[in-house]
Novice: 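Could you have a look at this structure, given as structure tokens, before my questions?
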There are 2 protein chains.
Amino acid sequence: MAESPTRTVDRALSLLGIVCDRGVVSLVEAARDADLSPSTALRLLRTLEAQDFIRRDGDGRYTPGVRIVQLGALALSNEPLVALAGDAMARMVEATGESCYLSVRGAGQSALYIAIVEGTHSVRHASWVGRSIPLKGSAAGAVLRGESKDGGYIVVKQGVEEDVTAIAAPVLAGKRVAAALSSVIPSYRVGDEQIERIGRLLVREASSIIGAPPPGSPTTTSASPQENPLRKEPPP
Amino acid sequence: MAESPTRTVDRALSLLGIVCDRGVVSLVEAARDADLSPSTALRLLRTLEAQDFIRRDGDGRYTPGVRIVQLGALALSNEPLVALAGDAMARMVEATGESCYLSVRGAGQSALYIAIVEGTHSVRHASWVGRSIPLKGSAAGAVLRGESKDGGYIVVKQGVEEDVTAIAAPVLAGKRVAAALSSVIPSYRVGDEQIERIGRLLVREASSIIGAPPPGSPTTTSASPQENPLRKEPPP
DNA sequence: AATCAATTTTCACTGGATGGCAATACCCCA
DNA sequence: TGGGGTATTGCCATCCAGTGAAAATTGATT
């Protein structure tokens, strides 16, 4: 975290994080976690509550409110990378049948899934948009830390999740790693040849994301706000 | 918005909303929207940036940051109603083939979709978790405003979206309307008999949500954090 | 009723938040 | 190139908004 100019806002945002992390929290717990006096925490929590970022349940404890959900979804729907990566991710899933993820650096030492296209196998890896995984020990994390050589792919077997093999390639904006494109596959289903094939596909698709032509409709789970609400699918 | 004890935090949260609403915004625009001096806005925006709630793009403008996405997703995954409603919503879609939505009151005069199970027809209504719709003019909105009689369903044809008919029933916590369960259907596909049938189904399923037994795996687009990442589907 | 912990209120105090203003940066046009 | 206009950033005097200790209130338990 960089130097922060407004202590009061800092404190309130920390409290917001605590409420969201814990899901349900009492005043004194939140105050303790934030290292604030209960009366200070109360006032700040009341401010968050006044704008619907948090709410109080029947027992007087604090839980996240609708405003944080709403702004989070808005933020995600406006994320340009999500739109740009849609076609590439769909192609990955079509070519491999495996779940495909787009992730960026998250808060602290984490990576954050910002788009997902699920695989088509009946046994497949499943996760969710908005999930954080550690930078350390994950393929996407290694890529986001700049550890892939010459834009190549990174493989992690037995990383942050058991029984899966993760392969990731960097989405580059110039020299900077903007995101990681990854596939996460049940380990029983991949040998070295398949890993290499998927790795090469990831590298190719990742390099198509920035500089790609203006996207059509995204096909990820984060549907575009402008999408026609009556969706017609192509015939099977 | 209720009376708010901490002006500084209020202002910062308003700025956060402005950045998320607009997607990309300059300092002076944000300051104008928030009715603040540019130097005050700068300082508050810097605080939001320091905790990754917003970030600056290459042109120095502000866009939402990963922290808001992360906390939004966390908040949603901890929302008890989403878990509770999963089975009911899946049953609705199985019985009708139409998209099913769970919504709660959002900020201001809005309703917020917090869970969605999409319909199975090739032409179906599509929307997204986190989307806000107006309370006025929508079936879910009417239900959330307490306008359904005796827990019955409300029908809106030609409401906030064209070409669709929305039917909603209240999810009650005691006497209080906790959420709205709704189906949104292309109007060409429903006559009065179908509307009545779906309406009655909605009422029945809505009444099963609170007081329902502990849920299994939610089947909505908001997967549970505890879900097994290797997902095995039943055979077709 | 007594005890304990959580929550809420009160209020003296001060330093953190403010915004006006100046400096700097940037863009556009003649 | 120079001028004009706007945006951004830094500085600093000012003051009141934010703080936290302490008291009061509430709620749960024995």
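Computation of the quantities below employed the complete heavy-atom set of this structure, encompassing side-chain atoms and omitting hydrogens, waters and symmetry-equivalent molecules. Each chain gets a letter, A, B and so on, in the order its sequence line appears, and its residues count up from 1.
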Novice: Mind checking which nucleotides bracket the chain A contacts on DNA chain D, 5' to 3', with an atom under 4.0 Å from a heavy atom?
Specialist: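 Answer, 5' to 3': D:dG18 to D:dA21.
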Novice: Whole-Å distance between C:dG19 P and B:Leu36 CG?
Specialist: 7 Å
Novice: Show your working on side chain to side chain contact (heavy atoms under 4.5 Å, CB included) between B:Tyr101 and B:Ser127 and close with a plain yes or no.
Specialist: CA-CA 9 Å; B:Tyr101 298 86; B:Ser127 190; 3.7 Å; yes
Novice: Using 4.0 Å as the upper bound for N to carboxylate O, is an ion pair formed by A:Asp52 and B:Arg105?
Specialist: no
Novice: Within the pair A:Arg46 and C:dT9, is there a side-chain N or O less than 4.0 Å away from OP1 or OP2?
Specialist: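 For A:Arg46, the contact criterion (side-chain N or O under 4.0 Å from OP1 or OP2 of C:dT9) is met.
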Novice: Quick check: does any side chain N or O of B:Thr40 sit under 3.5 Å from a backbone N or O of B:Leu36, one acting as donor and the other as acceptor?
Specialist: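 Checking the backbone N and O of B:Leu36 against the side chain of B:Thr40, no donor-acceptor pair under 3.5 Å is found.
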Novice: Would you kindly compare B:Ser39 and A:Arg7 by the position of their nearest DNA chain C nucleotide and give the one closer to the 5′ end?
Specialist: A:Arg7
Novice: Measure the spacing between SG of B:Cys100 and CD1 of B:Ile167 and express it to the nearest 0.5 Å.
Specialist: 10.5 Å
Novice: Indicate whether any N or O donor in one side chain lies under 3.5 Å from an N or O acceptor in the other, for A:Glu118 and A:Ser99.
Specialist: no
Novice: What does A:Thr8 touch in the nucleic acid at a heavy-atom separation under 4.0 angstrom: a base, only the sugar-phosphate, or nothing?
Specialist: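 Since only primed, P, OP1 and OP2 atoms lie under 4.0 Å of A:Thr8, the category is sugar-phosphate.
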Novice: For the CG atom of B:Leu71 and the CZ atom of A:Phe53, what is their distance to the nearest 0.5 Å?
Specialist: 10.5 Å
Novice: Report yes or no: do A:Asp10 and B:Thr47 form a side-chain donor-acceptor pair below 3.5 Å?
Specialist: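 Not at all, the side chains of A:Asp10 and B:Thr47 share no donor-acceptor pair under 3.5 Å.
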Novice: With sequence neighbours left out, write down each residue that passes side-chain hydrogen bond (donor to acceptor under 3.5 Å, both in side chains) with B:Thr63, or none if nothing qualifies.
Specialist: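 side-chain hydrogen bond (donor to acceptor under 3.5 Å, both in side chains) check on B:Thr63 returns nothing, list empty.
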Novice: Charged N to carboxylate O under 4.0 angstrom, B:Arg131 versus B:Glu161?
Specialist: yes
Novice: Polar atom pairs between nucleotides 5-7 of chain C and protein, under 3.5 Å, N or O only, would you list them?
Specialist:
residue : atom : partner : partner atom : Å
C:dT7   : OP2  : A:Val28 : N            : 2.9

Novice: Can you list the residues that meet the side-chain hydrogen bond (donor to acceptor under 3.5 Å, both in side chains) rule with A:Ser110, with sequence neighbours excluded?
Specialist: none
Novice: What N/O pairs connect the protein and nucleotides 22-27 of chain C at under 3.5 Å? Give each pair on its own line.
Specialist:
none

Novice: Take the C1' atoms of the five end pairs on each side of the helix from C:dA1-D:dT30 to C:dA30-D:dT1, get both axes, and report the angle to 10 degrees.
Specialist: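 Axis-to-axis angle, ends of the helix: 50°.
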Novice: What is the distance from atom CG of B:Leu135 to atom CZ of B:Arg145, rounded to the nearest 0.5 Å?
Specialist: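 Here the interatomic distance stands at 6.0 Å.
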Novice: Going from CE on A:Met89 to CG on A:Leu84, what distance comes out if it is rounded to the nearest 0.5 angstrom?
Specialist: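 The CE atom of A:Met89 sits 12.0 Å away from the CG atom of A:Leu84.
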Novice: Looking at B:Arg55 and B:Glu49, does any basic side-chain N land under 4.0 Å from a carboxylate oxygen?
Specialist: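 No salt bridge links B:Arg55 with B:Glu49.
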